[in-house]
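Before any comments, here is the structure.
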2 protein chains.
Amino acid sequence: MSKAVTIKDIARTLGLSVSTVGRALADSTQISEETKARVRQAALKQGYVAHSGARAMRSGRSTLIGLLVPDIQNDFYGTVAQALAACCAAAGYQLVLAVTDENPDVELSHVRGLMEARVAGVVIVGSAAPRPETLTLLARIHTVQLIRRIAGLDSAWFGMDDAGCLEVPTAALIALGHRRIAYVGGAKELSTGDRRLGGYQAAFARAGLEIPHDLIRLGPPRAAAAAQMFADLWSHRAARPTAVVTGGARLTVGVLESIADLGLQVPDALSVIGFGDAPWLKWWGTAGLSTVALPVRDIAASCGEYLMRRINENGEGRSADAAPFHAMHAPHLVARSSTAAPPQRD
Amino acid sequence: MSKAVTIKDIARTLGLSVSTVGRALADSTQISEETKARVRQAALKQGYVAHSGARAMRSGRSTLIGLLVPDIQNDFYGTVAQALAACCAAAGYQLVLAVTDENPDVELSHVRGLMEARVAGVVIVGSAAPRPETLTLLARIHTVQLIRRIAGLDSAWFGMDDAGCLEVPTAALIALGHRRIAYVGGAKELSTGDRRLGGYQAAFARAGLEIPHDLIRLGPPRAAAAAQMFADLWSHRAARPTAVVTGGARLTVGVLESIADLGLQVPDALSVIGFGDAPWLKWWGTAGLSTVALPVRDIAASCGEYLMRRINENGEGRSADAAPFHAMHAPHLVARSSTAAPPQRD
DNA sequence: TTGTATGCGTTATCAC
DNA sequence: GTGATAACGCATACAA
C-alpha cells in the first residue's frame, strides 16, 4: 500500500508540467497527440488513479448520489436500489446507500453524512416524521422523493397511485361479497399510509357500504408490527374479518407470518390480498397470493433518470426549476388463489 | 442552493483564524470552552456542513467503504447489504454500493470508481473471473472477500462452509432413499460453485454410491439460468431425478420457477432442498421449502467488523498484517415439506 | 489559547 | 502546445 501516484509524479518522470499532464489525461484538444500518448502510457505504467475527491473539490462536481431507504433487505427496496444503481452507473455516478430503519434520527444523521460528502443529489424514501433539520438540509441540494411524500419538503416526487393501490383490491373483495375486510396498513403519518387508507375507505364509500372501522389497524411499516396487528385483529373472535388487505410490502410479510402462526386456512377461513410483486408471492400457499402489483422498478428508474437530468442541466443554465415534478404510476391487481368469496351466511 | 459555508466564512464573521475555528469544530482540547461555544453557535446559525472530501484529502482518512455485489434485489445480498450498512453506520463510515451483475467488466469499472473515490476499504463478492486489473487495484487497499473467494486475490475472506452446504442436504436425501438427486449449481469458476459441487459429490462418495453425473447442471448463478437448467434436466423423461438440490439463493428461485411452470407436485413427483433462509421459503408450496439455512447476516457482520478494525488499526502501527484471515460459518438443514422419501420402485 | 503557513490532488486562469 | 500559479476546504506543524 505505497503512496498513490499523482499527476505530479507523472509530470516529474516525463519532464512535463502538471497542467500538461492534467490536460492530457482529460483528453484536451490543446495537447499534441504524441504527448497524450506518452502521458497515458506513463499513467498506465505507474498505476495512476484519478482522485475524484480532489477533482470534485476543484470543479464542484461530485459523482456521488445518496439513496436513503428504510430497509434494504426487503425485495421492494432491493428492487429500488437495483434500478437506481443501474441509473447511476450508466451516468457515471456512484450510489451511497443509507439505511434509515424508519428512524428519523438515523435519517438525519445519514443526511448530514451525505451533505458532508457533497453528494450531487439524493433520492429519499422518507421516514414518517423527518426532523426539521433533515428538511432544511435536503432543500439545499437536488432531492427527489420516492414512494413516500414528505410534508414540507418541496421537491420532485415519484411514486404510485397509493389510493388506487388499496381501492382496487378492496373493491375486488367487496365485489366477491366480502364486507368484513380488514386493513393492515402503515401509519397515517406516512403519506402512503394516509392515502392507502383513503383508498380502502373509498372502496366502501363507492359501494355505499359502512367502513368497518374496527377492522383497521395502522402502525409502523414493519413485518413485526404487522404480525402483531393481524394477531390482534384475529383475537377478537366475535368480530373477525373474512378478508384482509395489506398496505405495504413489509406489512404483507408480517401478516403472512401471523396467518401461518395462527394456522389459518386461506382462502377458506380468510381471503388475503397482499402488496408488491416479489417473485415468491406467486408461490405462497397452494397457488399463490393475490396482490396489488406495482411497477417499482419503473418508478425507481424514472426517478433516477429525472435526478440525473436535473443534476446535469444544473450548470447549463436552463433552470426549468418550475413546479415540483410529480409522477404517478398505476398499480394492477393480480388475482391468485388466496382470494375467494366469503363463507355463506345462514 | 447558495454557496456552501466554510470554516473560513465562520472565521471571518467571528474575527478568528481558520485554524481556531477548525480546531473548535474538531473539539480540540487547546481551545477555550467559550470560543468553542461561539464557533459552534455560528456554525449552526450559518448552516455550516463539513466537507468530508477536503478532510479526507488533507488527513488521508476516507469515510467511504465500497461494497461490490452481483445483485441487490435478492434477499441474500439484501441481507448482506443491510448488515454491512449497519456496521458502517456504527463506525461512522458510508457505504458505496456497486452492483456488478456478475459482469467482470462492470466489476472492474466499479472497482476503478471506488479507487478514484479513495474508499477506505472494499467488501467484494467477486465475479467468476475478475479481470487482472481488478485484482491489482484491490491489492492496493483494504479488501475483504465475502462468500466467494477470488483466486489470486490475497486478502481476508468471510464465508460459509460451502462443501457442507451441499453435502448436508445431499446426504439427507440419500438417507431418505434417493439416488437420482439432481444438482443445479453455480459454475466451477466460482469458488462457491466448485466447493458446493464438491460437497454434493462427497455425499455420494461417503455413502459409497455412484455420482449421477447426468443430473449435474452448472451455470451462471442467476434465476433465469437455473430455470433453464432444471427444465433441461426434466426434459430427459427417461432419466429424471427424484430430488433436486440447489447451490445458491438465486438458483433456488429459478428452480422453483421452473417447477411451477412444469406443474410438478412436490414432494410427490420430486423432493427439493433449496438454499438460503429468506423468510418466504417457509411459505413455499403446501408447507414450506426445505433449505440449507445460512448465517448470512453473521457472516456479513463479521466481515464488516473485521474490515473496520483493519482500517482503524492501520495508522496505529500494529500491522498484524500476517496471514490472510479466514472465517467460515456453518450451515444447517431446515427440513420442511418439500422433502420426502422417493416413490417406491416395483 | 490563538494565529500563520503549508500542502493534500486537481483544474482553471493566466501567460508564453 | 505548454508552463507557472492559484484556488477548492480543511488539518496540522510551527510560531507566538
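We use all heavy atoms of the structure for the numbers below, so side chains are in, but hydrogens, waters and symmetry mates are not. If you're wondering where the values come from, they're calculated on a predicted model, not measured in any experiment.
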Take the protein atom [atom1] of [X] and the nucleotide atom [atom2] of [N], then report the distance between them rounded to whole Å.
X	N	atom1	atom2	answer
A:R38	D:dT2	CZ	P	9 Å
A:E116	D:dC8	CD	P	20 Å
A:R23	C:dA15	CZ	P	14 Å
A:L14	D:dT2	CG	P	11 Å
B:K8	C:dT4	NZ	C1'	14 Å
A:R118	D:dC8	CZ	P	14 Å
A:I7	D:dA4	CD1	C1'	15 Å
B:Q30	C:dT1	CD	C1'	8 Å

Just checking B:T6: base, sugar-phosphate only, or nothing, at a heavy-atom cut-off of under 4.0 Å? sugar-phosphate
Side chains of B:D71 and A:Q82 in contact at under 4.5 Å (non-hydrogen atoms): yes
Using only side-chain N and O atoms of [X], determine if any of them is under 4.0 Å from OP1 or OP2 of [N].
X	N	value
B:S17	C:dT2	no
B:K36	C:dT1	no
A:T35	D:dT2	yes

Do side-chain atoms of [X] reach the backbone of [Y] as a donor and acceptor pair under 3.5 angstrom?
X	Y	value
A:E107	A:S127	yes
B:Q94	A:G113	yes
B:D9	B:T6	yes
B:W157	B:I147	yes
A:R222	A:D101	yes
A:S59	A:R55	yes

Ignoring hydrogens and angles, answer whether the base of C:dT11 and the side-chain atoms of A:S19 contain a donor-acceptor pair closer than 3.5 Å. no
What residues from residues 42-63 of chain B pass a heavy-atom cutoff of under 4.0 Å to DNA chain C? B:M57, B:R58
